[in-house]
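Scroll down for the structure; my scribbles are underneath it.
These numbers come from the heavy atoms of this one structure, side chains and all, not from hydrogens, waters or symmetry mates. Numbers here simply count residues along the sequence, with the first being 1.
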Amino acid sequence: MELTKFRLLVTLFALFGLALGLEPAPGRQDATAPRQVAIIGAGAAGSTAAYYLRTYAEASGVVVNITIFEKTDRVGGRTLTIHPFGNLSLHVELGASIFIKKNHILYESVDAFKLKPRDPELGADPKLGIWDGTEFVFQINDKDSFWWTAFKIIRKYGILAPRRTQTLMQSTIAKFLKLYEEPYFPFKSLTQRTHELELVQTTGVTGEQFLKANDIDDLYAHDIVQASTRVNYASNLAAIHGLDTMVSMAPEGAMAVEGGNWQIFYKMVENSQATIFFNRSVTAVSLHKPENPGTASVKYTIRIDKSDYEEDYKLPFDNVIIANPYQFSKTSFQSGLFETPIDEIRYVQLHVTIFSSPFQYSPAFFGLSDPKDVPGTILTTLGKDDEPTSGVDGAGKAGFFSISILRKVVNPATEKEEYLYKIFSPEKVTPEFLSRLFGIDVPDTFVDDPAEPDSALSPISWYYPHVFYSYPKALPRVTFQDPIVGPGLYYTSGMESFISTMETNALMGKNVARLIVDDILGVESGGAVEARGKEDEGWGLNEMWKNVWGCYNTAAPTETGFRDL
């Protein structure tokens, strides 16, 4: 029997039981009683969990009351939009920048919430180059014809490397996409699903090993694939597992939301009918002491920080969803609450710097003489003498992961056009670095003091630095954090060591929502899936080439840093 039909029958039987005045089974909450659910964090996972809790509950005829505690003053987590020069009509993604059509949850939400999609930033300059700290190892121009671009790639890397890489990416992503559908969705164990979908062979090795095992040429891997893993995950191929490596090579159908991707998650919270408390950090979670000691169900008390004092929230909760990375939550949990310990994993500290300048790159910085030879978008890879650990956090001789000219903007002070830049780097961008990059003196304060006007152009007119703990260091692993960590306790960030994207965090939020509603209904779901015969995952040549060139002809790898499958 299909699981959806089974859920319907369970609901009908529950209603029939109520009509006869029957009591619910001992130890299980009455499906008609409101289930109180607390969500800690209103990022991609928490917002999606709230939305699908409401969706599944209404479809199943059960009642849930959802309360979200968000420590900041906004929804969206690492989706963050800023406004250059304070101009609210200018929108730049500081965090998660794009998603693609295969991101089913995000893509379908744009339509469902009537948001306006837009193409990703193509940049003010059509040229893209891959720099190793000494020279450009490869360059393309978006204005070149398809065939000229194809010829350049084949001349340097041959036809087999790009073809095999894209075919490998497609077959890998096809396995992952099964997580969205029954019988693989929902899941109580991500580790189990990883083995059932034969993805453990991908997550258990480095990207370097995975590509080599699949006969991908070393030069293509070093130049092209590694440039993608560095801009998307700030990691070299020797320090990232094979699955995230394949995700980095999947830019087809890239898009964003006009006005900011955070709107997807804002709309999810809005449609979830949840009560949300902003600027409220959850400082402690403990077992609730019921007035009636004979109460069968486990409930939890949540303590919140209201800036100047702490207090317990007025109601106990049946379920608590921890929807932010455990080690950053600063929440204490009563000893013994977790039946499954939560991994504390190392996250990448990524510096994202956005600024405006009337100047373009100095060709001397890149060892060139003609400014026209410098591409507007620059990805990086390791130099010839670099090791995977060379430089700060493996950035190598280049010292940064990417620089791009996003677009031209008008400086309101001068009313003249300038260039808006974005840099991904492992450490803070310094005035000394920018001085070398532009071949001019950048003041220690970055932006000139407006009280001391200068007849010369200010080298940096607007400057916005930010530091993200953007994604885990995706080292190879074959086990992953389970989403159920205790009775009624759920954790979403275990997904990030598997794949870290807006979409996959949303998928885990949706998964937890389904598990909770199934628990209310008394439906057993999320268990093991019987072995099945392998499906044909072949891919036509036309589709392969479409993706190969799409990888270079979109700005997806150049602007993300928060790569979304």
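- Between Ile105 and Leu507 there is a side-chain heavy-atom pair separated by less than 4.5 Å.
- Thr380 and Arg230 are linked by a side-chain donor-acceptor pair at a separation below 3.5 angstrom, with hydrogens and angles left out of the test.
- A 4.5 Å side-chain heavy-atom check between Met246 and Phe176 finds every atom pair outside the cut-off.
- A donor-acceptor pair is defined here as one N or O able to donate and one able to accept, closer than 3.5 Å; such a pair exists between the side chain of Ser97 and the backbone of Gly95.
- Scanning for side chain to side chain donor-acceptor pair (under 3.5 Å) contacts around Glu135 gives Lys384, with sequence neighbours left out.
- Put simply, CD1 on Ile345 and OG on Ser493 are 7.5 Å apart, with the number rounded to the nearest 0.5 Å.
- The aromatic rings of Phe365 and Phe433 sit perpendicular, their planes meeting at an angle over 60°, well past the 30° parallel limit.
- Tyr51 is linked by a ring pair (Phe, Tyr, Trp, His ring centres under 6.0 Å) to Phe113, counting only residues two or more places apart in sequence or in another chain.
- Gln139 places no side-chain N or O within donor-acceptor distance of the main-chain N or O of Val374, the cut-off being under 3.5 Å.
- When atom types are taken as modelled, the side chain of Ser357 and the backbone of Phe359 share a donor-acceptor pair closer than 3.5 angstrom.
- Remark: Asp370 does not engage Lys372 in a salt bridge, criterion side-chain N to carboxylate O under 4.0 Å.
- Asp218 pairs by the side chain to side chain donor-acceptor pair (under 3.5 Å) definition with Lys212, not counting sequence neighbours.
- Ring to ring, Tyr233 and Tyr471 are close: their centroids are under 6.0 angstrom apart.
- Aromatic ring pairs are classed by plane angle as parallel below 30°, tilted from 30° to 60° and perpendicular above 60°; the pair Phe438 and Tyr361 is parallel.
- Atom-to-atom distance recorded for Phe185:CZ and Tyr180:OH is 10.0 Å, nearest 0.5 angstrom.
- Taking the six-membered ring wherever Trp is involved, the centroid distance between the rings of Phe446 and Tyr463 falls below 6.0 Å.
- Side chains of Ser356 and Tyr419 form no contact here, defined as non-hydrogen atoms less than 4.5 Å apart.
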Item to complete: Starting from the C-alpha separation in whole Å, work towards a yes-or-no answer on side chain to side chain donor-acceptor pair (under 3.5 Å) for Tyr157 and Asp223.
Response: CA-CA 10 Å; Tyr157 303 109; Asp223 291 358; 2.8 Å; yes
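- Taking Gln226 as the reference, Thr381 meet the side chain to side chain donor-acceptor pair (under 3.5 Å) condition, with sequence neighbours excluded.
- A donor-acceptor pair is defined here as one N or O able to donate and one able to accept, closer than 3.5 Å; no such pair exists between the side chain of Glu181 and the backbone of Lys178.
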Discussion item. As a quick check of understanding, evaluate side chain to side chain contact (heavy atoms under 4.5 Å, CB included) for Phe138 and Ile153, giving each step before the final call.
Written reply: CA-CA 9 Å; Phe138 188 73; Ile153 293 175; 3.5 Å; yes
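- Atom CD of Gln192 and atom CD of Glu196 lie 4.5 Å apart (nearest 0.5 Å).
- Taken from CE in Met502 to CZ in Arg78, the straight-line distance is 11.0 Å, to the nearest 0.5 Å.
- Not one N or O on the side chain of Asn214 forms a donor-acceptor pair closer than 3.5 Å with the backbone of Ile216.
- The six-membered or imidazole ring of Phe265 lies away from that of Trp262, with a centre-to-centre distance of 6.0 Å or more.
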Check residues 346-354 and write down every donor-acceptor pair under 3.5 Å in which the side-chain atom is one partner and the other belongs to a residue at least two apart or another chain.
residue : atom : partner : partner atom : Å
Tyr347  : OH   : Glu496  : OE2          : 2.7
Gln349  : NE2  : Tyr469  : OH           : 3.3

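- From Arg407, atom CZ reaches atom CG of Asp125 across 15.5 Å, with rounding to the nearest 0.5 Å.
- In this structure the side chain of Val225 never reaches within 4.5 angstrom of the side chain of Ser248, judged on heavy atoms.
- His83 and His91 have perpendicular rings, their planes meeting at more than 60° on a 0 to 90° scale where under 30° would count as parallel.
- The one candidate from Thr194, Asp343, Thr203 that meets the side-chain hydrogen bond (donor to acceptor under 3.5 Å, both in side chains) condition with Arg477 is Asp343.
- Under the 3.5 Å distance criterion, the side-chain polar atoms of Asn505 are left unmatched by any main-chain donor or acceptor of Ala45.
- For the pair Thr229 (side chain) and Thr245 (backbone), a donor-acceptor distance under 3.5 Å is absent.
- The six-membered or imidazole ring of His222 lies away from that of Tyr220, with a centre-to-centre distance of 6.0 Å or more.
- A donor-acceptor contact shorter than 3.5 Å links the side chain of Asn261 to the backbone of Val257.
- Remark: the Tyr491 side chain and the Gln481 side chain contain no N/O donor-acceptor pair separated by less than 3.5 Å.
- Between Tyr464 and His466, the ring planes are parallel. Angles under 30° get that label, and only those over 60° would be called perpendicular.
- Gln209 is linked by a side chain to side chain donor-acceptor pair (under 3.5 Å) to Thr206, counting only residues two or more places apart in sequence or in another chain.
- Centroid-to-centroid, the aromatic rings of Trp131 and Phe366 come within less than 6.0 Å.
- Under the 4.0 Å criterion applied to side-chain N and carboxylate O atoms, Asp385 and Lys397 are not assigned as salt-bridge partners.
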Worksheet item: Ile405 and Thr377: side chain to side chain contact (heavy atoms under 4.5 Å, CB included), yes or no, with the steps?
Response: CA-CA 6 Å; Ile405 302 176; Thr377 297; over 6 Å; no
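- No donor-acceptor distance shorter than 3.5 angstrom exists from the side chain of Asp482 to the backbone of Ser189, with no hydrogens or angles considered.
- The CG atom of Leu128 sits 10.0 Å away from atom CG of Asn141, with the distance rounded to the nearest 0.5 Å.
- With His195 contributing its side chain and Glu198 its backbone, the two residues share no donor-acceptor pair below 3.5 Å.
- Within 6.0 Å of CG on Asp373 lie more than 12 heavy atoms contributed by other residues, nucleotides or ligands.
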Item to complete: Report the C-alpha separation of Val137 and Lys156 in whole Å, then their side-chain angles, then the decisive distance to 0.1 Å, and conclude whether the side chain to side chain contact (heavy atoms under 4.5 Å, CB included) test is met.
Response: CA-CA 10 Å; Val137 296; Lys156 180 160 188 178; 4.0 Å; yes
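- Within a 6.0 Å radius of NZ in Lys416, no more than 12 heavy atoms belonging to other residues, nucleotides or ligands are found.
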Fill in: Test log, rule side chain to side chain contact (heavy atoms under 4.5 Å, CB included), inputs Leu237 and Leu211
CA-CA 9 Å; Leu237 285 174; Leu211 295 172; 3.9 Å; yes
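- With 3.5 Å as the limit, one finds a donor-acceptor pair spanning the side chains of Ser461 and Glu418.
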